[in-house]
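Single-structure report; data block below.
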Amino acid sequence: MTSSYLAGLNPEQLAAVTAPQGSTLILAGAGSGKTRVLTTRIAHLIHTGQAPARGILAVTFTNKAAKEMTARLQAMAPIHIGGMWIGTFHGLCHRLLRAHALEAGLPALFQIMDSADQLAAIKRLLKALNVDDERYPAKEVQHFINSAKESGLRAGSLDGAQPFERRLAELFAAYDEQCAREGLVDFPELLLRTHELLTRNEILRAHYAARFQHILVDEFQDTNRLQYQWLRLLASGGASVFAVGDDDQSIYAFRGAYTGNMHEFQRDFGIQGIIKLEQNYRSQGNILDAANALIRHNTGRLGKELWTGRGPGSPIIVHAAPSDQDEAAFIAQAVAGLAAEGVPLSDIAVLYRSNAQSRSLEHALFNAAIPYRVYGGLRFFERQEIKHALAYLRLVANPQDNGALERVINFPPRGIGARTLAQLADTAAQHGIALSDALTRGPGVGKSGAALAQFARTLAEMRAACQAAALPEQVEHVLRLSGLSAHYAASRSEADRLENLAELVNAAAAFVDEYTAAADPGLAPVGLPPLTAFLSHASLEAGEYQAEGAAQALSLSTAHAAKGLEFHTVFLSGLEEGLFPHEHSLNDRGGVEEERRLLYVAITRAKERLFLSYAQNRMLHGQVRYGLASRFLRELPSELLAHAGQREAAALDPRTTREREPSSPWHVGQNVSHPKFGTGIIIDCEGRGQDARVQVNFGASGVKWLVLEYARLSPA
DNA sequence: GTACATACAGTTTTT
DNA sequence: CTGTATGTAC
């Protein structure tokens, strides 16, 4: 019997896909076909009868990855994925907690806070407890609580010897109490609560451990300690864990990712040998050689060397610009040149270390009239107007949600300020009730009393209107009765916010369709109101309804946000000491190595062309900073690099050159061929008209200056 | 209670 | 330079 789905796999991929019973660690290099291996492995397990679909659990970090895996599986013709669990760590934990809320000690209609909601909740708590916010800034308290939870610790199990730590632990305990009172769960809580549930409840643990005989984990190098404990717990019934990761691409240690899990996994699961996927299907040789050479400077690697069957390709172009503006102009002109050569803008990316760097780039691109989209902007469900609407909806779904009430009690403005709010909080505290219940319990006199009473009537009206309505209508009622629609309609400058609110109604409608049509009833626990489900969805998948930018646009992104993407051409800007590696990383243990991995990730995004640039002068925080070339540039083999000067930057742009010398189609970065020297790449241009000369790197034949009038050069 | 002014800090980020 | 957060005047 032929197994067509295995066709075309290389030997290592095949070994991974068909790995025998037991746990496996796959070291999957960038561009090595990792997602294909994961999905084909699942297909193989089902095809060979090693597991039914319902016995498979696949875990990813992002919704995007989970979606892609699901889509690829559905595209593999005869596979039924019904009963299979595919999702993010948080999404899967959410599902488990919805199914077993009671056993987990949560209210049936618990809600999920995103990080911003959590921070607001902590600020509210600190204020209520009169905590000195100089000594205990909300952000630090949040970090303390989240790191504790991500290490599997509760306030009670923290033994702080120092008074400072003890106080933090007290705040942690008070925060958890507040969450319990209001029926709220934060992101790390989803994981910790699930872990505790499965630890304490042997029946449930046995059930799930027996059900999931195959657990597949994507981006394993990004797991934190709690996630690894979670996996061990679920695998305690003898499941085979198929972990796919790349220690060289670990760039999230700063948020708790622990690559040590890769070592612990080998020990805990008795891994015999690691399967390494080193053949790269994305980049040309020079790019891979540069990436390999760079990452060799790191210590303690599991060890891996990317290779390709394709040729070396073009040299990597390095450009030293006098200033950040010159750097941006160089990039803009080179992009225009590539576009003129026929490279689609959507296949080009400009990457940088920190978001602030996008400014000068955007400026130059705007001037050059090059369309672009900036990755990782504000996401749909995180927009101010959407957050406001969601807060009203949260109040409808759960009157106990004090955070939601505080957010909207005076938005749109209705004359309820800090003073009135403090009184309301006092009343609520005295009676031990929620803020929304205290609205009608206060003195009820004077201007503020009337405003509170009016607000209470608004909320009651909203709840009544939503009583029997379908979700999209509930959203419409809330937008109207809250006054949000009217508020934004009245402002000309905020017309787009009104549009976004209309989009929220559409999102709700789309969600209902998906929710009711869910193939797996387990996805939609019986009796969970669509509104509660929608609110959870909004917290867990904030980027879901991200507006797609123009299709024909250049991508601007941080190196972090570009992970997992690929482009024909990549520009890496700001390769300066202090920026990349970032100065903040120099003090951290392993900081520079993480920066090096980040650059490794960035380099391996490029398929054919790679440009590296830095500025000798950079405007930063309103001051000029003098930059030195990044140490990482010196770690790249010089034979892979070609230096392009700044003089010819203007000559790069065919639109500006065309005006002066319409006949010159040559520009830096262009591939050319010469009858005697073979193929090469232009690395410099000089002069114009009859004097025009170009410097070409012919690889083996060396670097030559050629006078265009005589050299029989042709585009290649 | 709201509007403006001044001070201040300023990596990377998904759920 | 820029957005945020707090403080002061109406």
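As a basis for the values below, the full set of heavy atoms in this structure was taken, side chains included, without hydrogen atoms, waters or symmetry mates. First the proteins, then the strands, lettered A, B, ... as listed; each starts at 1.
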Would you kindly give the [atom1]-to-[atom2] distance between [X] and [N], to the nearest whole Å?
{"X": "L579(A)", "N": "dT12(B)", "atom1": "CG", "atom2": "C1'", "value": "12 Å"}
{"X": "Q118(A)", "N": "dT14(B)", "atom1": "CD", "atom2": "P", "value": "16 Å"}
{"X": "M619(A)", "N": "dC1(C)", "atom1": "CE", "atom2": "P", "value": "6 Å"}
{"X": "N146(A)", "N": "dT13(B)", "atom1": "CG", "atom2": "P", "value": "17 Å"}
{"X": "D222(A)", "N": "dT12(B)", "atom1": "CG", "atom2": "P", "value": "18 Å"}
{"X": "K149(A)", "N": "dT14(B)", "atom1": "NZ", "atom2": "P", "value": "21 Å"}
{"X": "L586(A)", "N": "dT11(B)", "atom1": "CG", "atom2": "P", "value": "14 Å"}
{"X": "R359(A)", "N": "dT11(B)", "atom1": "CZ", "atom2": "P", "value": "14 Å"}

Inset, instruction - Record whether the side chain of S585(A) comes under 3.5 Å of the base of dT11(B) through a donor-acceptor pair of N or O atoms. - result: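 No, no donor-acceptor pair under 3.5 Å.
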Inset, instruction - Record whether the side chain of H584(A) comes under 3.5 Å of the base of dT11(B) through a donor-acceptor pair of N or O atoms. - result: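 Between dT11(B) and H584(A), which were checked side chain against base, a qualifying N/O pair under 3.5 Å is absent.
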Students often get this wrong, so: under 4.0 angstrom with heavy atoms, is [X] touching a base, only sugar-phosphate, or nothing?
{"X": "T420(A)", "answer": "sugar-phosphate"}
{"X": "Y252(A)", "answer": "sugar-phosphate"}
{"X": "G417(A)", "answer": "sugar-phosphate"}
{"X": "F187(A)", "answer": "base"}

Legend entry - Residue whose nearest DNA chain B nucleotide is more 5′ - I251(A) or F61(A):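 Nearest-nucleotide comparison on DNA chain B picks I251(A).
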Does a side-chain N or O of [X] approach OP1 or OP2 of [N] to a distance below 4.0 Å, or not?
{"X": "T558(A)", "N": "dT13(B)", "result": "yes"}
{"X": "N410(A)", "N": "dT2(B)", "result": "yes"}
{"X": "R379(A)", "N": "dT15(B)", "result": "yes"}

Inset, instruction - Check whether any side-chain heavy atom of S482(A) lies under 4.5 Å from a side-chain heavy atom of H388(A), and answer yes or no. - result: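 Side-chain contact under 4.5 Å: no.
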To the side chain of [X], which of [options] is closest?
{"X": "L540(A)", "options": "dT12(B), dT15(B), dT14(B)", "value": "dT15(B)"}
{"X": "F254(A)", "options": "dT13(B), dT11(B), dT14(B)", "value": "dT13(B)"}
{"X": "T88(A)", "options": "dT15(B), dT12(B), dG10(B)", "value": "dT15(B)"}
{"X": "N355(A)", "options": "dT15(B), dT12(B), dT11(B)", "value": "dT12(B)"}
{"X": "E595(A)", "options": "dT14(B), dT11(B), dT2(B)", "value": "dT11(B)"}
{"X": "K123(A)", "options": "dT2(B), dA5(C), dT13(B)", "value": "dA5(C)"}

Legend entry - Lys/Arg-Asp/Glu bridge criterion (N-O < 4.0 Å) met for K149(A), D176(A):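 Result for this pair is yes, salt bridge flagged.
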Legend entry - Ring-ring centroid check F632(A) H297(A), cutoff 6.0 Å: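 Centroid separation for F632(A) and H297(A): 6.0 Å or greater.
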Inset, instruction - Establish, yes or no, whether a centroid distance under 6.0 Å links the rings of H94(A) and F89(A). - result: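 Between H94(A) and F89(A), the centre distance exceeds or equals 6.0 Å.
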Legend entry - Stacked pair H90(A)-dT15(B), distance under 5.5 Å, angle under 30°: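 No.
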Inset, instruction - Establish, for the pair R255(A) and Y252(A), whether the NZ or CZ atom is under 6.0 angstrom from the six-membered ring centre and no further than 45 degrees off its axis. - result: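 Here R255(A) passes the 6.0 Å and 45° test against Y252(A).
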Inset, instruction - Establish, yes or no, whether the cationic atom of R373(A) lies under 6.0 Å from the six-membered ring centre of Y375(A) and within 45° of the ring axis. - result: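 Geometry flag: set, cation within 6.0 Å and 45°.
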